[in-house]
Trainee: 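Structure below; questions to follow.
These numbers were taken from a predicted model, which means no experiment stands behind them. We name chains A, B, ... by the order of the sequence lines, and we start the count at 1 in each one.
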Amino acid sequence: PNVTGALHMGHALNNTLQDIVTRWRRQQGYEALWMPGTDHAGIATQAVVERRLLEEEGKTRHDLGREGLVARIWAWKNQYEARILSQLKQMGCSCDWSRTRFTLDPVCARAVRHTFFRLFRDGLIYRGKRLVNWDTLLQTAVADDEVFHETVPGHFWYFYYPVIDPQPGEPQRVMIATTRPETMLGDTAVAVHPDPAGALERVEGELARKLAEAPAREKQALAAELEDVRRRRRELLPELLVLRDMARAGRRVMLPLMNRPIPLVADPWAKPEMGTGCVKITPAHDPNDYEVALRQNLPMINILNPDGTLNENAGAYRGLSVLEARQRVVADLETQGLVARVEDRPIDLAHSDRSKTPIEPMLTDQWFVRMDRLSQMAMDAVTTGRVKIVPPRYSKGYLDWLSEKRDWPISRQLWWGHQIPIWYCDTASEDQLRRAFAGREDVVWRWDPDGRQWLICAQEGDLPADAIPGHRLRREEDVLDTWFSSALWPHSTLGWPDATPELRYYYPTSVLITSRDIITLWVARMVLTGLYNCGEVPFREVFIHPKILDAYGETMSKSKGNGVDPIDVIEKFGADALRFGLAYLTTETQDIRMPVAFECPHCTALVEQTRENRLLPRIRCPQCKKEFSTQWAERPEDRALPRAAVVSERFEIARNFCNKLWNASRFALLNLQGYAPAAVSEDQLRIEDRWVLSRLATVTQEVSEALERYQFAEAARCLYTFAWDEFCSFYVEMVKGRLQDPASRPVAQRVLTHALDTLLRLLHPMIPFLTEEVWQLLGEAAPVRGIDRLRRAEPSIMIAPWPEADAARRNAEIERRFARFQEVLRAVREIRSRQNVPPRQEIAFAVRCDAETADLLAPLVPYFQALAGARATAWGPDVHPPLLSANATLPGMEVYVDLAELIDLEAEIARKRHELARLDARIEAQRNKLANENFVRRAPAAVVEKERASLEELQAQHASTSAMLQRLLSTRRAS
RNA sequence: GGGCGUUUAGCUCAGUUGGUUAGAGCGUCAGCUCGACAAGCUGAAGGUCACUGGUUCGAGCCCAGUAACGCCCACCA
């Protein structure tokens, strides 16, 4: 199972890898399954809908109402989900569409209800407080990544709070500083550092150290800072010490305007080097003060309504907005003579990314899952190896995060999602509850002492408001965190809580493939809910794949505008190229850097995407000077322009490879007339047949091992080089001649067909469309195929089994022999090229080598004609160079090309001199190495022997090359 | 602040247990339209493996440190 949609390249990568594994396992006879889903899409959609609502109609969801908003979200979501399904289909993903589950699918919703009920019944769910970033315009909490900071001009106010009953030697009042005066209405303490002397000393020491090491241009600022700290020690410290003692003695100050006595507390949050050294504590509206309140056990007073106006806790200021209240508070303190001074200073203000309004931190009631026991279960699953994380280094982050056992806040102030199945009642007695729900095991309740109310949870179905006669039930408005339902994905999609056959068969699943940034959010939670609900881990292995980055190495994201749409890639390069390309890029450690370009819709020029142009709605093509629109086009005049596709050249390799495969397949299919299946005996096989069969066995083995370890790039590279550099460049070329000859044609057809058949099956998981097409065509031309054992081809490659690596076919001797052949071939081609021999002109060449090598080469000699337009005239130890030849010296071999009067003497002489220079350098290095006593004595004998042999070989090459140079030089003199 | 990763050819990346001359694709240059393939074929040029030090007979690879870039988590580890 898999929970992502296909919205951008990261999702495409994820889906592709998941699908490759699924297809591959299917070829091995597993009944494999993977399911896409769009759980995540709910929140994203609500955010988009709300933003548009605000921008286009100036309305918030509260203007629209719950039903109105949900109706709009449905409209968007349907489009979105249709798009995901269409993308997955175009990518060739073989997921089971019939099982696709979306957020509010009834099966998943039921699993969510059951899980919540079980957790609640087991006492693992509780209601608590949490400080959130509140958007007062949209009246919703916003996540950390939806907050942006902006530095704005502001003020720093210094106020006095009078001390209650000051004793002799104690100050009459304490001074505090703030940028948000209105929050003082919610103050519940004033804090002072418990060890101001020590704290100042530490700060001073640190500053002095920094000053000593700092570069000159920073010295002045640091010196000023240091001076300030020293001044504080002289002037401020005595009073801070007194205040600290007062705090310890439980003394209090009077909160002005509210006339509320609040305690002085000693807490390290009050930094003696900052402000006045004393800090007002507003637990309900500041994250740090909230922490102080938890430590000091202070009351927390929320002074805000959800819409940003002040509530009844603000007394006379009730109903004012934050900014109105700020002015009134300052003015009122002024009249009481409690304002010491005001400074102008820039302040860092957090804004909501959605409504662009300033964030108000606010204390809210939230639902939590108690994590201590659950986390431990999930940790144990990984430490004992029941869940294996690949690559293993990611286990650390998983374990570290879980080991904190921080409780999981699961409520969200959204209107889209699974509404929390809790009903409140604060009037009924326990007896009345017991009577109302008598005999119902699907309803449980608990008394909430903080809220002074009953919390009633129902496992299935909603409770009517009058479920308890004479009382009214009120339902919790919040919905569950999207990860709560996502965490259930592996079992909820299979039908849990019912014991369905699917659940029995597929659970636990074999592998989850995902990106590293949701290891904690999602993977950990799937493991723990799986264990909690089903008593078994949800998957045996987790493969963490790389991230897709842009040209600057940054994560692709919608807000940066640096994404690539998979559909654009499919349109430009094809779905197979997208899949193979992504697999080819999936290495173990390296994130995938993907430079991106706009393709001009007018002239198809590629316009590089930069940090500057990636957010523009329209761009002018530098080539044809016409304008085109981008994915950001919103205004009608921008949208009227043709839209540029966003593409990446990194898929070209894959596209070219697919094209090469198609052409090679075409060659085979064009040469299959008269094909008749029959077993091929050993003696009918030629050397190139045995070579290609050996290579196929090796490659099958390598690809299987790579996929087993999730090394997608390794598997793809292995197939790429085999298919292109060996199958196409050598085997197909060598078999061409045999196909022309009626005597050798049948065997050549059989081996070629078998090789192509095997290659297609190996490539199918990564290139499903092309391989299926060729498979069908091959099935018509050669329905029965094989070498040893004949077999009727399956009607679809999807059910054709994965090839077995036939160990008996692996032949190192043949592969070595072939390597020698390739060396000679390369030498002949190089000589052709440097001597500028016209392509059509045949050349003659001879090879001097030992008798053994000559035997190796003998059967391959005819192929030089086809592969290099060259005719071998002689090979063996007795070969002597023709009078005028171009030559190449190889280890143990010398190749002479007879050029008679055609020879370009100067080119040959230059070449020889170049070769000699290179040989000199290498011989020198080799001699030094062998002259090193340490090396000879300490290195393994085999290594030393190899180096000696290598030196001798180099010297032989040197002798022969310089002899040839001499001959060339004397020829030049003679002419 | 903590954790993790990366740094190899102009670009994007491979490089197995430390052992001949560090590889590929794209790009560049030269030459090829011979019946699968110009999205192709053949050949060539191009690298002080980020830097400093260490271990070793021998380091792209192992160890320590430095720098740059990126990611995740954050007054927790």
Trainee: Which part of the nucleic acid, if any, lies within contact of Trp269(A), taking any heavy atom under 4.0 Å across all strands shown: a base, the sugar-phosphate backbone alone, or nothing?
Mentor: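 Counting heavy atoms under 4.0 Å across all strands, the contact made by Trp269(A) includes a base.
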
Trainee: Write down the distance between CZ (Phe722(A)) and C1' (rG25(B)), rounded to a whole number of angstrom.
Mentor: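 It is 20 Å, rounded to the nearest whole Å.
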
Trainee: Between P on rC4(B) and CD1 on Ile389(A), what's the gap in Å once rounded to a whole number?
Mentor: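 Spelled out: CD1 on Ile389(A) to P on rC4(B) is 15 Å.
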
Trainee: Taking only residues two or more places apart in sequence or in another chain, which ones pass ring-ring contact (aromatic ring centres under 6.0 Å, His included) with Tyr710(A)?
Mentor: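 Checked Tyr710(A) against ring-ring contact (aromatic ring centres under 6.0 Å, His included); matches are Phe543(A).
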
Trainee: Counting heavy atoms not belonging to Glu933(A), are there more than 12 under 6.0 Å from its CD?
Mentor: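 No, the 6.0 Å shell around CD holds no more than 12 heavy atoms from other groups.
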
Trainee: Please list each protein N or O that sits under 3.5 Å from an N or O in nucleotides 53-55 of chain B, with the distance.
Mentor:
none

Trainee: At 4.0 Å (heavy atoms only), tell me whether Asn671(A) reaches a base, stays on the sugar-phosphate, or touches nothing.
Mentor: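 No contact.
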
Trainee: Salt bridge (charged side-chain N to carboxylate O under 4.0 Å, His left out): which pairs involve residues 909-921 of chain A, sequence neighbours left out?
Mentor: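 Pairs touching residues 909-921 of chain A that pass the test: Glu830(A)-Arg911(A), Arg911(A)-Glu915(A), Lys912(A)-Glu915(A).
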
Trainee: Does this structure show an ion pair linking Lys572(A) with Asp568(A), if we count only N-O contacts that are shorter than 4.0 Å?
Mentor: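 Salt bridge between Lys572(A) and Asp568(A), a charged N being under 4.0 Å from a carboxylate O: no.
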
Trainee: Looking only at atom P, what distance separates rC61(B) and rC72(B), rounded to whole Å?
Mentor: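 To the nearest whole Å, 29 Å.
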
Trainee: For the CG atom of Leu739(A) and the CD atom of Gln673(A), what is their distance to the nearest 0.5 Å?
Mentor: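 Answer for the CG-CD pair, Leu739(A) versus Gln673(A), is 10.0 Å.
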
Trainee: Quote, to the nearest angstrom, the P distance that separates rG25(B) from rG40(B).
Mentor: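 About 11 Å, rounded to a whole number of Å.
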
Trainee: Suppose we screen for side chain to side chain donor-acceptor pair (under 3.5 Å). Which residues come up paired with Asp725(A), at least two apart in sequence or across chains?
Mentor: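 Listed in chain order: nothing, the list is empty.
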
Trainee: For residues 660-670 of chain A, tabulate all N or O donor-acceptor pairs below 3.5 Å that involve a side-chain atom, not counting sequence neighbours.
Mentor:
from	atom 1	to	atom 2	distance (Å)
Asn663(A)	ND2	Asn659(A)	O	3.2
Ser665(A)	OG	Leu661(A)	O	2.7

Trainee: What is the distance, to the nearest angstrom, from the CD atom on Glu404(A) to the P atom on rC75(B)?
Mentor: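 So the two atoms are 9 Å apart, to the nearest Å.
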
Trainee: Can you measure His958(A) atom NE2 to rU21(B) atom C1' for me and round it to whole angstrom units?
Mentor: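 About 16 Å, once rounded to whole Å.
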
Trainee: Does rC34(B) have its OP1 or OP2 closer than 4.0 Å to a side-chain nitrogen or oxygen of Arg840(A)?
Mentor: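 Affirmative; the distance criterion is met.
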
Trainee: Does Gln776(A) have any side chain to side chain donor-acceptor pair (under 3.5 Å) partners at least two apart in sequence or in another chain, and if so, which?
Mentor: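 For Gln776(A) the side chain to side chain donor-acceptor pair (under 3.5 Å) partners, ignoring immediate neighbours, are Glu772(A).
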
Trainee: Find the distance Glu649(A):CD to rC26(B):P and express it as a whole number of Å.
Mentor: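 After rounding, the gap between these two atoms is 12 Å.
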
Trainee: Taking atom C1' of rC73(B) as reference, at what distance in whole Å does atom NZ of Lys396(A) sit?
Mentor: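 That distance rounds to 11 Å.
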
Trainee: Determine the interatomic distance between C1' on rG46(B) and the same-named atom on rU21(B); round to the nearest Å.
Mentor: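 Pairwise C1' distance, rG46(B) against rU21(B), rounds to 15 Å.
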
Trainee: Verify side-chain hydrogen bond (donor to acceptor under 3.5 Å, both in side chains) between Gln376(A) and Asp380(A), making sure each step is shown before the conclusion.
Mentor: CA-CA 6 Å; Gln376(A) 192 59 51; Asp380(A) 293 346; 3.0 Å; yes

Trainee: Mind checking the P distance from rG5(B) to rG65(B)? Whole angstroms is fine.
Mentor: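 To the nearest whole Å, 14 Å.
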
Trainee: Using 30° and 60° as the class limits, which term best fits the ring planes of Tyr731(A) and Phe727(A): parallel, tilted or perpendicular?
Mentor: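 Tyr731(A) vs Phe727(A) ring planes: parallel.
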
Trainee: For Arg709(A), what residues pass the side chain to side chain donor-acceptor pair (under 3.5 Å) criterion, not counting sequence neighbours?
Mentor: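 Arg709(A) satisfies side chain to side chain donor-acceptor pair (under 3.5 Å) with Gln711(A) only.
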
Trainee: Just the table, please: protein N/O against nucleotides 37-44 of chain B N/O, every pair under 3.5 Å.
Mentor:
from	atom 1	to	atom 2	distance (Å)
rC37(B)	O4'	Asn663(A)	OD1	3.3
rC37(B)	O4'	Asn663(A)	ND2	3.2
rC37(B)	O2'	Asn663(A)	ND2	3.1
rC37(B)	O2	Lys660(A)	NZ	2.7
rC37(B)	N3	Lys660(A)	NZ	3.2
rA39(B)	O2'	Asn659(A)	ND2	2.6
rA39(B)	N3	Arg655(A)	NE	3.3
rG40(B)	O3'	Lys660(A)	NZ	3.3
rC41(B)	OP1	Lys660(A)	NZ	3.2
rC41(B)	OP1	Trp724(A)	NE1	2.6
rG43(B)	O2'	Ser833(A)	OG	3.3

Trainee: Select one nucleotide: of rA36(B), rG5(B), rU20(B), the one nearest the side-chain heavy atoms of Ala664(A).
Mentor: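 Out of rA36(B), rG5(B), rU20(B), the nucleotide with an atom closest to Ala664(A)'s side chain is rA36(B).
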
Trainee: When the distance from CZ of Arg918(A) to C1' of rU20(B) is rounded to whole Å, what number comes out?
Mentor: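 Value for this atom pair: 13 Å.
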
Trainee: Between protein and nucleotides 12-15 of chain B, what N or O pairs are separated by less than 3.5 Å?
Mentor:
from	atom 1	to	atom 2	distance (Å)
rU12(B)	O2'	Arg650(A)	NE	2.6
rU12(B)	O2'	Arg650(A)	NH1	2.5
rU12(B)	O2'	Arg650(A)	NH2	2.4
rC13(B)	OP1	Arg593(A)	N	2.9
rA14(B)	OP1	Thr587(A)	OG1	2.5

Trainee: Can you tell me the distance, in whole Å, between the CZ atom of Phe935(A) and the C1' atom of rU20(B)?
Mentor: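 Atom CZ in Phe935(A) sits about 10 Å away from atom C1' in rU20(B).
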
Trainee: In residues 573-583 of chain A, what donor-acceptor pairs under 3.5 Å come from side-chain atoms, sequence neighbours left out?
Mentor:
from	atom 1	to	atom 2	distance (Å)
Asp576(A)	OD1	Phe769(A)	N	3.1
Asp576(A)	OD2	Leu770(A)	N	2.7
Arg579(A)	NH1	Asp19(A)	OD2	2.8
Arg579(A)	NH1	Met91(A)	O	3.2
Arg579(A)	NH1	Gly92(A)	O	3.2
Arg579(A)	NH2	Asp19(A)	OD2	3.0
Arg579(A)	NH2	Pro765(A)	O	2.6

Trainee: Touch check for Pro940(A), heavy atoms < 4.0 angstrom, all strands: base, sugar-phosphate only, or nothing?
Mentor: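 Here Pro940(A) touches the bases of the nucleic acid.
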
Trainee: Using atom P of each nucleotide, how far apart are rG58(B) and rC71(B) to the nearest Å?
Mentor: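 About 40 Å, rounded to a whole number of Å.
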
Trainee: Could you check whether Cys728(A) gets within reach of a base, just the sugar-phosphate, or nothing at all, counting any heavy atom under 4.0 Å?
Mentor: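 Base contact.
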
Trainee: Between Glu908(A) and Arg834(A), does at least one N-O distance fall below 4.0 Å, as a salt bridge requires?
Mentor: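 Between Arg834(A) and Glu908(A) there is a salt bridge, with a charged N closer than 4.0 Å to a carboxylate O.
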
Trainee: Quick test of your reading of the model: are Glu733(A) and Lys736(A) salt-bridged, counting only N-O distances below 4.0 Å?
Mentor: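 So Glu733(A) pairs with Lys736(A) through a salt bridge.
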
Trainee: Please tell me which of Arg922(A) and Arg295(A) maps to the more 5' nucleotide of RNA chain B, matching each residue to the nucleotide holding its nearest heavy atom.
Mentor: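 Nearest nucleotide further toward 5': that of Arg922(A).
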
Trainee: Please measure how far the P atom in rG2(B) lies from the corresponding atom in rA59(B), and state the result in whole Å.
Mentor: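 Straight-line distance between the two P atoms is 34 Å.
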
Trainee: Quick one: side chain to side chain donor-acceptor pair (under 3.5 Å) partners of Ser515(A), sequence neighbours excluded?
Mentor: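 Result, side chain to side chain donor-acceptor pair (under 3.5 Å) vs Ser515(A): Asp517(A).
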
Trainee: Taking the cut-offs as 6.0 angstrom to the six-membered ring centre and 45 degrees off its axis, would you call Arg717(A) and Tyr584(A) a cation-pi pair?
Mentor: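 Pair Arg717(A)/Tyr584(A) counts as cation-pi.
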
Trainee: Starting at the 5' end of RNA chain B, which residue's closest nucleotide do you reach first, Val943(A) or Val936(A)?
Mentor: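 Counting from the 5' end, the first nearest nucleotide belongs to Val943(A).
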
Trainee: Would you please enumerate the stems RNA chain B participates in, each stem being three or more consecutive Watson-Crick or G-U wobble pairs with both distances under 3.5 Å?
Mentor: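 Stems (3+ consecutive pairs) listed as B:1-7 with B:67-73, B:10-13 with B:23-26, B:28-32 with B:40-44, B:50-54 with B:62-66.
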
Trainee: Quick check for you: among rC4(B), rA36(B), rC72(B), whose closest atom lies nearest to any side-chain atom of Leu670(A)?
Mentor: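 The answer is rA36(B).
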
